[in-house]
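First up is the structure itself, then whatever we jot down about it.
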Amino acid sequence: MKSSRWWQRTLILALLSLSVLAPLFLVSHRLNLTPYARLEFQEDISSVTYRTDPLQLNAIEQEGAEELEEPKEVVYKEKKIGSINSSIQQKVNDSEESKIEGYRNNILERNEFNRNKRQDQKAQRKGLFSIVGDENIFNSTVTHNQSMHTHPQKTTDDNVEVTDKQSMPRATQNHQISRPRPRRLSNQKVLEIKDQIIQARAYLGLASPGSSSHLVKELKLRIKEMEHAVGEANMDSDLSRSALQKMRHMAASLSKAARAFPDCVAMTTKLRAMNHNAEEKILSEQHEATYLVHLAARTTPKGLHCLSMQLTADYFALRPEDRKLPNENKINDPKLHHYAVFSDNVLACAVVVNSTISNAKKQGKLVFHVVTNSVNLPAILMWFLLNPPGKATVHVQSIENFEWLLKYNTFREHSSSDPRYTSELNYLRFYLPDIFPTLNKVLLFDHDVVVQQDLSRLWNVNMKEKVIAAVGTCQEGETSFHRMDTFLNFSDPFIANRFDVNACTWAFGTNLFDLQQWRRQNLTALYHSYLQMGFQRQLLNTGSLPLGWLTFYNKTMILDRRWQILGLGYDSYVDKNQIERAAVIHFDGIRKPWLDIAMGRYKSYWTKFLKFDHPILQRCNLQA
């Protein structure tokens with residue numbers, strides 16, 4: 001009895017084992033799951049792509065845009081359904097970055113959830129295939145869930161490489177990753193509104209004068225509505241919600257006007273007339289704006305005028321023995337570093353001196369020679385008496401004290417009314433050996449420069465028997481680029497035979513002069529000869545720059561561009577990195593930093609060397 005029960009149990013267990021093992025054997029035999037084939041089967045299963053509901057995918061994309069803590073999915077846009085079934089191969093590399101551990105866990109949870117829903121999604125994809133044919137083209141998004149491999153000790157990171165076996169070039173071009181990207185701003189609607197307004201005005205111009213028809217009233221009303229709707233908007237995002245509805249109303253009114261005025265020739269003529277009037281108006285406003293800017297450049301601001309008057313009054317209130325600046329014994333020492341500035345602007349001189357001293361390593365070796373006219377001499381002297389330069393030396397003198405200058409008589413024949421070209425201070429640069437007879441070298445600054453680095457290395461530059469060291473302006477593509485023929489008249493045989501039109505040009509602003517070489521070559525006399533020839537016939541443009549090119553032709557050593565950056569008085573696109581690296585920045589142009597028309601993005605480089613909390617500056621309401 002016991003043996004029969006034992007055999008029954010054995011038989012039942014055998015049948016149960018057979019029922020479990022038989023399906024496994026049949027499946028493995030049918031799929032041929034060798035170790036190599038099993039790996040291929042797993043990769044094939046992981047590479048299956050399937051279509052999900054587009055609305056659901058859009059919702060997922062919107063969640064990503066709201067920066068939820070979700071893994072970023074790879075999304076593809078397909079134009080045809082037939083191109084959906086593409087195989088994707090993923091290669092997984094290990095990574096030990098612990099800060100994305102939670103990120104990987106989220107991906108594993110999503111993969112587990114997607115495995116449970118795979119059958120439902122497959123049925124949904126089949127439903128979509130049955131509704132939409134292969135010939136219907138549409139945009140869809142397909143998500144591919146990244147598969148993760150785990151290690152007994154750590155979870156590996158995914159380094160996904162996507163491959164499209166059917167159309168690799170199209171995959172790299174058209175497939176997009178669904179990352180939160182900023183929306184591109186558009187102004188299409190704004191432009192359409194403006195075009196509608198122009199078109200409505202053109203139709204109003206075709207109507208008879210004094211017409212009060214319903215269509216004319218309607219167009220005038222639509223124009224007011226559209227002008228109110230667009231306001232000062234530049235982008236479509238600036239428009240109100242009612243703007244689109246008003247556009248449709250305007251379109252309906254324009255359609256009525258097109259039926260009422262079917263004459264296309266008259267419409268074209270009217271639009272051309274409106275275009276011509278608009279161009280003439282713009283041209284007139286540009287000329288007016290240019291005139292006003294140049295007028296502002298030649299006008300002394302009220303605050304600067306007040307400052308000069310206040311300083312002059314304070315200067316004459318001092319006793320004669322208190323009007324002298326210290327360290328006068330250093331002004332003729334050739335062993336020191338001598339800087340010259342010719343200006344009638346108090347604040348400009350202050351910034352040049354302050355910026356140079358603040359960046360100098362040996363301030364005791366600096367000597368500044370400020371030359372001005374007799375009107376501004378007391379104001380500039382009083383400024384440096386109130387604001388002493390520390391260990392440096394400042395020497396201020398008037399151009400009227402140069403009695404030897406009267407014999408040249410070269411400043412009375414200029415026909416220009418621009419003080420930049422007629423000022424005697426602008427041409428003193430050609431008389432440096434006479435102004436500083438005991439000096440060997442002088443570094444000449446324009447009064448619209450700011451020093452940002454120590455300049456002691458510039459004094460050690462080998463001049464190679466040249467007279468002047470200057471930064472070149474002969475690099476094409478730069479805003480400071482100048483050719484010789486832009487200022488010189490090469491149609492004149494005298495200029496054409498003596499000068500090369502392709503010679504490298506250079507700029508004033510920061511120039512080191514070897515006065516010994518100047519005296520040996522007698523360049524002041526050469527300058528006078530060119531100046532007199534320019535009065536007799538048209539050889540050059542007005543100004544000191546072309547005269548400098550002629551006088552110092554083949555006598556100039558070109559410095560590295562980092563010594564001086566140009567254009568801060570007219571070019572709004574000077575590279576900020578170049579400005580920061582430059583030893584000297586030059587506000588050449590009409591938009592000087594002390595004027596109201598100065599460029600705001602550069603003004604701080606100049607104002608930081610002035611203390612606007614100074615009582616006398618506050619008294620004249622001068623602010624940064």
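Along the sequence shown, residues are numbered consecutively beginning with 1.
In this structure Asn497 satisfies the side-chain hydrogen bond (donor to acceptor under 3.5 Å, both in side chains) test with no other residue, sequence neighbours excluded. Residues satisfying the side chain to side chain contact (heavy atoms under 4.5 Å, CB included) criterion with Glu328, sequence neighbours excluded, are Lys324.
Leu325 CG to Thr393 OG1: the interatomic distance, rounded to the nearest 0.5 Å, is 9.5 Å. Atom CG in Asn376 sits 8.0 Å away from atom OG in Ser343 (nearest 0.5 Å). Leu295 contributes atom CG, which lies 12.5 Å from atom OG1 of Thr290 (distance to the nearest 0.5 angstrom). Expressed to the nearest 0.5 Å, how far CE of Met235 lies from OG of Ser186 amounts to 8.0 Å. Of the inter-residue distances, the one linking Ile468 atom CD1 with Gln517 atom CD reads 13.5 Å to the nearest 0.5 angstrom.
Note on Asp485 versus Arg483: salt bridge recorded, some NZ/NE/NH1/NH2 to OD/OE distance being below 4.0 Å. The existence of a salt bridge linking Arg429 and Asp446 is confirmed by a sub-4.0 Å separation between a basic side-chain nitrogen and an acidic carboxylate oxygen. Look at Asp322 and Arg319 and you find a salt bridge, because one of the NZ, NE, NH1 or NH2 atoms lies within 4.0 Å of a carboxylate O, short of that distance. Electrostatic pairing of Arg537 and Asp492 counts as a salt bridge here, judged by a charged N lying under 4.0 Å from a carboxylate O. In this structure, Arg562 pairs ionically with Asp560, as a charged nitrogen and a carboxylate oxygen lie closer than 4.0 Å.
Side-chain polar atoms of Thr607 and Trp594 form no donor-acceptor pair below 3.5 angstrom. Using a 3.5 Å distance cut-off with no hydrogens or angles, the side chains of Ser398 and Glu400 do pair a donor with an acceptor. No side-chain donor from either of Asn359 and Gln453 sits under 3.5 Å from a side-chain acceptor of the other. Glu424 and Asn426 form no side-chain donor-acceptor contact under 3.5 Å, judged by distance and modelled atom types alone. Gln532 and Tyr527 form no side-chain donor-acceptor contact under 3.5 Å, judged by distance and modelled atom types alone. Between the side chains of Ser491 and Asn489, at least one donor N or O sits under 3.5 Å from an acceptor N or O.
For His447 and Phe587, the ring centers are positioned 6.0 Å apart or more.
With hydrogens and angles disregarded, no donor-acceptor distance shorter than 3.5 Å links the side chain of Asn187 to the backbone of Val190.
Around atom CD of Glu580, more than 12 heavy atoms belonging to other residues, nucleotides or ligands sit under 6.0 Å away. Residue Lys608 places its NZ atom among more than 12 non-hydrogen atoms of other residues, nucleotides or ligands, all under 6.0 Å distant.
Classified by interplanar angle (parallel below 30°, tilted 30° to 60°, perpendicular above 60°), the ring pair Phe402/Trp404 is parallel. Between Tyr339 and Phe368, the ring planes lie parallel to each other; the angle is under 30°, not in the 30° to 60° tilted range. Relative orientation of the Phe342 and Phe436 rings is parallel, given thresholds of 30° and 60° on the angle between their planes. Note: His369 and His338 have parallel aromatic rings, judged against thresholds of 30 and 60 degrees for the angle between ring planes.
Taking the ring axis of Tyr315 as reference, the NZ or CZ atom of Arg323 stays within 45° of it and closer than 6.0 Å to the ring centre.
Proximity of Trp518 to Asn522: side-chain heavy atoms (C-beta onward) are nowhere separated by under 4.5 Å. Side chains of Trp459 and Lys441 form a contact here, defined as non-hydrogen atoms less than 4.5 Å apart.
Minimum interatomic distance between Pro334 and Asn440 (heavy atoms only, all atoms of both residues): CB-ND2, 4.0 Å.
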